[in-house]
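Every chain is numbered from 1 and lettered A, B, ... according to where its sequence line falls, protein lines coming before strand lines.
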Amino acid sequence: MNSDMEHVRALGEALKPPADAPPLALRGRVLAGLASVPQRTRPRARPWTWAALVGSAVAAAALVVVAVDPAIVRPPGQDARGEQNPVRLLEFAADRVGAQAGPVVRGDQFIYTESVALLREARESGQGNYTAVEELRLVRLWLSVDGTRDGLIQVRPAGAGDAAAWESQVIAACTKGHGCTLTPGQATELPTDAEGMHRYLYRPDADEFSEVRMGPDERALNRAGSVLRAAQQAPAVQAAVFAAMSRIPKVRVRPGVSNLVDRQGVAIAYSGDYTQTELVFDPDTYRYLGVNRTQAWLAVARGPETLWLNYQLALREAITSVAVVDEVGTV
Amino acid sequence: MTLSAVADAQVLSVSMDDTERFAVLYDRYAGQLFRYAYQRAGDQAAQDIVADTFLAAFQQRASFDPGRGDVRPWLFGILTRKLARHHRAEKARYRALARAASPEAEEGPADRITARVSAAALRGPLARALARLSAGDRDVLLLIAWADCSYEEVAAALDIPIGTVRSRLNRVRRKVREALGTDPATGEEEAS
C-alpha cells in the first residue's frame, strides 16, 4: 500500500458501517419527515385543463362514418327556434342532424379541430394565496378516427403570432395489449342510438376530469360536449348524443348564448352542484359551437391526500374549424 | 447528463406533485449517503445527517436545476453542509481512532501480517491528520476517497470551480503524506 490515497481509502473501509444498507428505521423516519413538510399547494390546472378540453373526445375519437352525401337535409317547414322545452328541442335536433350525411372517413385518418379557448384559473401566488389568471389560447387537436394511432394536441397563446411555438402533447393511441384497456366506443365505434349513447355518457369509469368534482348528470353532459366535439363529421353519433341528452335531468334551453368568438346560438345548459355548463349549438344546423363552463371545485395535491378547494374556474371554448386529415400535424 | 440523471430529474419533477415518488431517490441514494456520513461522523450522527439531507432536498427540490448537474452531487452537497454541523463529533471520532490505533500481533503469512500491521500503524497519524485539516480540504479529500466522487461531482457538490478541487486535493495530499511520514513530493496524481 503505497499511495496516500490508498491509505485514506483503507481508513474509510475501516470506518464504514457494518451493513451495506442504512437502517430500515431510517427510511421510515425520512418518509415520515417528508409527510410533515408543508406542501406546495398548487392547483394542477395546467395538466388537467387542456386535457379537459379534449376530455372524453379522446375516447370518442373512434368514429365510423358511413354516410356519403355531405349535403345537409332539412325537413321543410320545420323550425325549433324559440322552443323552450329541452326534450322537444333535443329530439328535434336529433332528427335534423340524424337526417344529415357526413363525409366518408377512413379509420386511419384524423379528425382535426381548431379552437380558441379562454381559461380563468387560480394560481398560487405565494403564502398559500391564489390569484385569478386569464389565458386565451389557440388549440389544435388531431384525434385518430379509429383510436389506434397517436393523436396530438397543440396549444399556444392567442395573439402570439405565427412564429410562436406550439406546446405539444401526444395523445397516446390505445391498441389492445399495449398497456391500456379498450372500452366500448374506443377503437371500435361510438353508439349511434340513444340508449347506447346514454349508457356511454353515464359509464361508471372515472377516467376523465379526475380533478374536477362532478355529479353523474354533470359528467354526462360534459362528456356529451366532448363527443360532439370529436364527432362533428359523424351525424349519426351527434344525433345519438342529442337524443341521449334529452334524458339528462334538469337540462335547460338557453337561447341567445354566445360562444367565445361571439357566435350566437342556442345552449343546452345545466347547473349542477359543482359545475355550470352551456353547450352551444348553431340554432339552425345544431352544429356544436363550443362550451362555456364554470366549475367551483378543484383537486389539489397535499402530500398523499387530495384536497378539494373552492375555486371558481371558468373555461370557454369555441370550435372554429373542423376537418378530416390524413396525418397528424396536417392543417 | 446520463440516463439515470435524467431519470432522477424526472423523479424530482414528478415529486413536486407526488410526494411518494421522492422515496425513489431515497432508495437510490440513501445507502451511499449513509455510508459516507457514517464514516465521517458515526452511526447516530449519520442517521440524523441523512434524514436532514433528504428533508432539505425535498424542501429544495423545486430549485434543483438539472442543467447544473446531477442529483447525486446535489445530494452530497447538501449532506456536506449538514455534516458541517457535526464537525466536533467528526473530529472527536478521528481523535478517538488515533488514540485507539495500535498494531496488534497477528498470526499468518509474514507478508500479510506486515501489510496489516503497517496499515494499522498508519491509521493513527492519518486520523490525526484528518482531524487537523480544514473543513474545505477534508471535504474534497473524503468526497473523492470515500464517496467515490469525480472531480466534477466534487465541484458541483461544493459549488466550487474544478480548478479549486484540484488545488485543494494537491494541498491536502501533501499534508497526508507528511502525516504518514512519506516524501510529500512523491505523490502521484490520481485520475479523476
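Contact count against chain A (heavy-atom pairs under 4.5 Å) is highest for B/D27 among B/D52, B/T53, B/D27. Between chain A and the residues B/A179, B/A51, B/G42, B/G31, the largest count of heavy-atom pairs under 4.5 Å involves B/A51.
Side-chain contact between B/R40 and A/L15: absent, with no pair of heavy atoms (C-beta onward) separated by less than 4.5 Å.
In this structure, CG on B/D148 lies 7.0 Å from CZ on A/R9, to the nearest 0.5 angstrom. Rounding to the nearest 0.5 Å places CG of B/D43 at 9.5 Å from CG of A/L26. Distance CE/A/M5 to CZ/B/R177: 10.0 Å, rounded to 0.5 Å.
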message: If you apply the rule salt bridge (charged side-chain N to carboxylate O under 4.0 Å, His left out), what do you find for A/D4 with B/R174, and how did you get there?
response: CA-CA 9 Å; A/D4 49 296; B/R174 275 199 303 275; over 6 Å; no
message: Applying side chain to side chain contact (heavy atoms under 4.5 Å, CB included) to B/L180 and A/H7, what does each step give before you reach the verdict?
response: CA-CA 9 Å; B/L180 296 175; A/H7 283 293; 3.9 Å; yes
- prompt: Should A/R27 and B/V50 be marked as a side chain to side chain contact (heavy atoms under 4.5 Å, CB included) after you check the CA-CA gap, both sets of side-chain angles, and the distance that decides it?
  reply: CA-CA 10 Å; A/R27 188 179 195 276; B/V50 170; over 6 Å; no
message: Does B/Q39 form a side chain to side chain contact (heavy atoms under 4.5 Å, CB included) with A/L11? I'd like the steps, not just the answer.
response: CA-CA 9 Å; B/Q39 287 169 309; A/L11 180 62; over 6 Å; no
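Residue contact with chain A, scored on non-hydrogen atoms closer than 4.5 Å, is absent for B/L33. Heavy atoms closer than 4.5 Å to chain A are found in both the backbone and the side chain of B/F54.
A donor-acceptor pair under 3.5 Å is formed between the side chain of B/W146 and the backbone N or O of A/V8. For the pair B/R123 (side chain) and A/A14 (backbone), a donor-acceptor distance under 3.5 Å is absent.
Here the shortest heavy-atom pairing between B/Q47 and A/P23 reads NE2-CG, 3.6 Å.
Annotation: B/Q60, atom CD; neighbour count of heavy atoms from other residues, nucleotides and ligands within 6.0 Å is above 12.
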